[in-house]
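The analysis underlying the following values was restricted to heavy atoms, covering all of them including side chains, and did not include hydrogens, waters or symmetry mates. Naming convention: chains lettered A, B, ... in sequence-line order (proteins, then strands); numbering from 1 in each chain.
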Protein chains: 2
Amino acid sequence: MKRGSKRRRAGRGAVISDLTAQRLSVYLRCLDDLEKSGVATTSSQRLADLYQLNSAQIRKDLAHFGEFGVRGVGYTVIDLRRTLARILGLTREWKVVIVGAGNLGMALADYGGFNREGFTIVGLFDSDSAKIGGRSRGGVPVHDVRELAAIARRDQVSLAILAVPAAAADGVLAIVAEAGIRGILNFAPVRLKPRAGMTLKAVDLKVQLENLVFHLTRGDGASAGRQSRR
Amino acid sequence: MKRGSKRRRAGRGAVISDLTAQRLSVYLRCLDDLEKSGVATTSSQRLADLYQLNSAQIRKDLAHFGEFGVRGVGYTVIDLRRTLARILGLTREWKVVIVGAGNLGMALADYGGFNREGFTIVGLFDSDSAKIGGRSRGGVPVHDVRELAAIARRDQVSLAILAVPAAAADGVLAIVAEAGIRGILNFAPVRLKPRAGMTLKAVDLKVQLENLVFHLTRGDGASAGRQSRR
DNA sequence: ATGTGTGAAGTGCTTCACAGCG
DNA sequence: CGCTGTGAAGCACTTCACACAT
């Protein structure tokens, strides 16, 4: 389920829906893939065929930001890749903290996907003194959650991942907000109240599983879900 | 981004959107919460206020399945909770396998959220002989992925969680499909091609993080995202 | 008096289909 | 000729607002 505000100004002054923004990330990944495969140029149709997308939608999404293709030809993979990275704000390094050094927090800290492509996990934070001072297998240090604000400000941390129990999540959100962090990815199975100026996304595994069950129970045929996060 | 078919028959013969289905899961969680707090009755307005929902939408969503409220009064928490569980197909136990016994797979296997409320993790599966025969900290056994089909059929497994590297995901999807599993939650950062009759949802952490960055970069105010999975 | 259930209105998202450009 | 970029059409989702039931 979604909540909250929806749109933001595009380069041209237009407004971009959240759905569009998520698709841009998907397109970026597809282009990464093509670039690795040595493909030099592509077209909206080819992308659509390869990755189960809609070619008109790709063109519409890109059109919000400018004209990046060549009529009759298509897109240059490298250029479009770079353009998307710029649109998405991925031209600089983004610092991330993970609050909650349990199994999930530790696993996320070591999860390779983050450390490439502009995200750096600065540290794990917990309130359990048995964990503080330790490290994840990958070497990410575990700090006292009371040090969060100081470290977040010092290292210019913009993003936090919440991997704490449901009961603790609300308090942790306050701490994270207090530390000046405004982008939050919540894995705790609770609905949190976002503070002003904060962007809060939830990854709720139980809701996802329940949704699969709903589909199976109702016995629909080939269906497919969100390639997002969501 | 979403893909694939969208809708399925409701109890009355109507058709239910995926967004509605996800919200039903959210409502269920809210009612669980209220029930634990000892609240006996509630109303769409109260739910909306407490959990940042929209009261009209709650009523609309429920209306697809019947009339569960009392005019002038509201809903009985326990009854509505039970009704939602039934609608969502959560009246029986659902068996789950996790493919990929790395950090993430292990963490998910031990993640408390699953083991309550009708989901049972039957086992972890991997191709690494160093991991096969072991167990997660929580005691979930790690099997050879080649045994997946046999075990899945024996234990009537309906759901699989993919926690394997991107490069392995496509092959694993084939194995899982072959084992007769039709509901799949994919954590690998790739776009998989769903097979016929399969429901495939992706939880893509990188897309989620990139989306947070997009919001921060464009500097919108209080916004909030998908309580899902996204 | 109060809150549901719901037609109707409003808003947003996706897809079509083609002009126009290379 | 092929493919982009885009207005227009189509479709889906959300919100409004009120009749009706209790």
Problem - Inter- and intrachain pairs under salt bridge (charged side-chain N to carboxylate O under 4.0 Å, His left out), touching residues 69-87 of chain B, at least two apart - result: Asp32(B)-Arg81(B), Glu35(B)-Arg81(B), Arg81(B)-Glu117(B)
Problem - Short side-chain N/O contact to dT14(C) OP1/OP2 from Asn54(A), under 4.0 Å - result: no
Practice task
Kindly say if Ser17(B) contacts the phosphate of dC13(D), meaning a side-chain N or O under 4.0 Å from OP1 or OP2.
Solution key: yes
Handout entry: Nucleotide dT6(C), atom C1' - distance to CZ of Phe68(B) in whole Å
Key = 15 Å
Completion exercise
Numerically ordered, the residues 72-88 of chain B set in heavy-atom contact under 4.0 Å with DNA chain C is Gly72(B), Val73(B), Gly74(B), Tyr75(B)
Practice task
Grab the CG-P distance between Asp61(B) and dT4(C) for me, whole Å please.
Solution key: 14 Å
Exercise for the section: Go through the structure and list residues passing side-chain hydrogen bond (donor to acceptor under 3.5 Å, both in side chains) with Asn54(B), not counting sequence neighbours. Expected result: none
Fill in the blank from the handout: CG (Leu200(B)) and CG (Leu185(B)) are apart, to the nearest 0.5 Å, by 8.5 Å
Practice task
Could you check how far CD1 of Ile58(B) sits from P of dG3(C), rounded to whole Å?
Solution key: 14 Å
Completion exercise
Counting only Watson-Crick and G-U wobble pairs with both atom distances below 3.5 Å, the stems of 3 or more consecutive pairs that include DNA chain D are C:1-22 with D:1-22
Problem - Arg23(A) side-chain proximity, nearest of dT14(D), dT14(C), dA19(C) - result: dT14(C)
Problem - With sequence neighbours excluded, residues passing side chain to side chain contact (heavy atoms under 4.5 Å, CB included) with Val73(A) - result: Val70(A)
Practice task
Apply side chain to side chain contact (heavy atoms under 4.5 Å, CB included) to Ala168(A) and list each qualifying residue two or more places apart in sequence or on a separate chain.
Solution key: Val164(A), Pro165(A)
Handout entry: Of the listed nucleotides dC3(D), dT4(C), dT6(C), the one nearest the side chain of Ala63(B)
Key = dT6(C)
Handout entry: Pairs meeting criterion salt bridge (charged side-chain N to carboxylate O under 4.0 Å, His left out) with involvement of residues 46-65 of chain B, two or more places apart
Key = Arg23(B)-Asp61(B)
Practice task
Give, ordered by number, those residues of residues 39-48 of chain A having at least one heavy-atom distance below 4.0 Å to an atom of DNA chain D; if nothing qualifies, reply none.
Solution key: Ser43(A), Ser44(A)
Handout entry: Partner set under side-chain hydrogen bond (donor to acceptor under 3.5 Å, both in side chains) for Ser55(B), not counting sequence neighbours
Key = Gln45(B)
Exercise for the section: Give a yes or no on whether a donor-acceptor pair under 3.5 Å exists between the nucleobase atoms of dT15(C), that is its base, and the side chain of Lys60(A). Expected result: yes
Practice task
Would you mind telling me which of dT22(D), dT15(C), dG22(C) lies closest to the side-chain atoms of Arg71(A)?
Solution key: dG22(C)
Practice task
Kindly point out which of dA19(D), dA17(C), dT14(C) is positioned nearest to the side chain of Gln57(A)?
Solution key: dT14(C)
Practice task
Using a strict cut-off of less than 4.0 Å between a Lys/Arg side-chain nitrogen and an Asp/Glu carboxylate oxygen, indicate whether Asp18(A) and Lys201(A) qualify as a salt bridge.
Solution key: yes
Practice task
Inspect the contact between Asp204(B) and Arg29(A) and indicate whether a charged nitrogen and a carboxylate oxygen are less than 4.0 angstrom apart.
Solution key: yes
